Amino acid sequence: MAVREILLMGDARLLRCAQPVTAFDTDALHLLVSDMLDTMLAANGAGLAAPQIGVNLQLVIFGTDARNPRYPDAPPVPRTVLLNPVIVPLPPDNGSTMPIEVQDWEGCLSVPGLRAVVPRFECIRYTGFDQYGDPIDRTVEGFHARVVQHECDHLVGKLYPMRVRDFSRFGFTRVLFPELHEATED
Ligand code: NI
């Protein structure tokens with residue numbers, strides 16, 4: 001168990017496409033997951049992708065307690081270990097026939113000190129496996145869907161600033177959310 005160094009934007013390793021995990025329930029995989037959890041919790045993150053610690057595998061973890069100081073208003077998301085994920089956008093549960101995008105604030109442990117408004121699909125289905133090889137299949141919306149899309153973007157070399165459309169809503173956390181900044185290092 002160890003807190004690992006989180007790579008920062010500008011590091012070319014964050015721009016790679018990650019490889020699928022081929023061996024489940026191995027000691028090496030459990031150690032990696034354990035290190036990622038330690039690293040995410042030490043940074044008060046809502047999620048972490050393996051490429052952020054320099055491991056080029058399709059593995060993300062995410063989840064928030066009732067009160068995460070980086071996202072104090074966000075609803076809790078169950079702590080999840082997700083390997084080889086596939087995301088399918090879905091129409092919202094309101095009679096729409098097409099998936100819709102919603103805009104909300106995001107940060108990233110690889111982009112410390114900054115926040116931006118980023119478009120994401122409101123509703124998604126995501127599938128994959130946990131570290132034991134057991135299948136995961138969930139349909140989610142809102143903040144949960146946003147976190148999954150953000151983390152899975154790391155597996156295709158995308159950081160949230162690459163998704164920003166309105167750069168008038170991209171800035172420093174301590175300026176945009178001074179009360180939030182006091183509660184976090186970021
Ligand atoms: Ni991130």
Side-chain angles (χ1 to χ4, degrees), residues 1-85 87 105-115 118 126-136 138 140 143-161 173-174 177 180-186:
M1 303 232 299
V3 173
R4 306 270 289 263
E5 181 188 359
I6 297 175
L7 305 184
L8 298 179
M9 183 169 64
D11 192 307
R13 289 172 288 178
L14 290 169
L15 303 177
R16 299 181 293 187
C17 280
Q19 300 294 314
V21 175
T22 54
F24 299 90
D25 200 15
T26 65
D27 289 346
L29 183 57
H30 292 309
L31 184 63
L32 173 60
V33 168
S34 172
D35 282 0
M36 286 178 62
L37 276 169
D38 290 346
T39 305
M40 181 180 83
L41 293 174
N44 286 321
L48 188 72
Q52 290 181 276
I53 59 167
V55 176
N56 200 34
L57 288 174
Q58 293 178 18
L59 163 52
V60 301
I61 64 171
F62 52 86
T64 54
D65 297 329
R67 279 192 66 79
N68 179 307
R70 277 170 58 85
Y71 298 94
D73 299 324
V77 175
R79 185 172 299 167
T80 303
V81 177
L82 179 64
L83 288 71
N84 302 350
I87 293 176
W105 292 95
E106 290 186 18
C108 179
L109 297 176
S110 293
V111 191
L114 294 166
R115 296 285 170 109
V118 182
Y126 66 92
T127 56
F129 301 89
D130 70 11
Q131 68 268 47
Y132 303 97
D134 292 324
I136 293 173
R138 292 179 182 156
V140 301
F143 184 67
H144 188 158
R146 175 169 296 275
V147 167
V148 173
Q149 289 170 86
H150 175 115
E151 295 312 325
C152 292
D153 256 1
H154 282 293
L155 306 181
V156 292
K158 283 229 183 287
L159 300 168
Y160 81 77
T173 312
R174 68 175 184 268
F177 304 105
L180 194 58
H181 175 67
E182 288 177 7
T184 72
E185 306 165 11
D186 147 310

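Note: hydrogens, waters and symmetry copies are ignored here, and every other heavy atom, side chains too, is used. These numbers were taken from a predicted model, which means no experiment stands behind them.
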ask   = So, the side chain of Arg146 versus the backbone of Val118: is there a donor-acceptor pair under 3.5 Å, distance only?
value = yes
ask   = Could you give the distance from CG (Leu82) to CZ (Arg138), rounded to the nearest 0.5 Å?
value = 8.0 Å
message = Applying side chain to side chain donor-acceptor pair (under 3.5 Å) as the test, list every pair that has at least one member in residues 48-62; sequence neighbours left out.
response = Gln52-Ser110
inquiry  = Does Asp27, at its CG atom, have more than 12 non-hydrogen atoms belonging to other residues, nucleotides or ligands within less than 6.0 Å?
reply    = no
message = Return the CG to CG distance between Leu155 and Leu59, rounded to the nearest 0.5 Å.
response = 8.0 Å
message = Would the distance check show the side chain of Thr64 and the main-chain N or O of Ala46 forming a donor-acceptor pair, the cut-off being under 3.5 Å?
response = no
query = Are the aromatic ring centres of Tyr132 and His30 under 6.0 angstrom apart?
reply = yes
message = Tell me if a side-chain donor or acceptor on Asp38 pairs with a main-chain N or O of Ala2 at a distance below 3.5 Å.
response = yes
task = Quick one: pull up CG in Leu109 and OG1 in Thr39 and give me the separation to the nearest 0.5 Å.
result = 9.5 Å
remark   = For Val3 and Ala42 the tightest heavy-atom approach is CG2-CB, 3.9 Å
Pairwise distance CG(Asp35) to CG(Leu48) - rounded to 0.5 angstrom = 10.5 Å
inquiry  = If we ignore hydrogens and angles and just use 3.5 Å, is the side chain of Thr80 paired with the main-chain N or O of Phe62 as donor and acceptor?
reply    = no
request  = Work out which heavy atom in Pro51 is nearest to a heavy atom in Leu7; give both atom names and the distance.
outcome  = O-CD1, 3.5 Å
request  = Enter the distance from Cys17:SG to His154:NE2 here, rounded to the nearest 0.5 Å.
outcome  = 13.5 Å
query = Partners of Asp130 by salt bridge (charged side-chain N to carboxylate O under 4.0 Å, His left out), sequence neighbours excluded?
reply = none
ask   = To the nearest 0.5 Å, what is the distance between CG (Leu83) and OG1 (Thr22)?
value = 10.5 Å
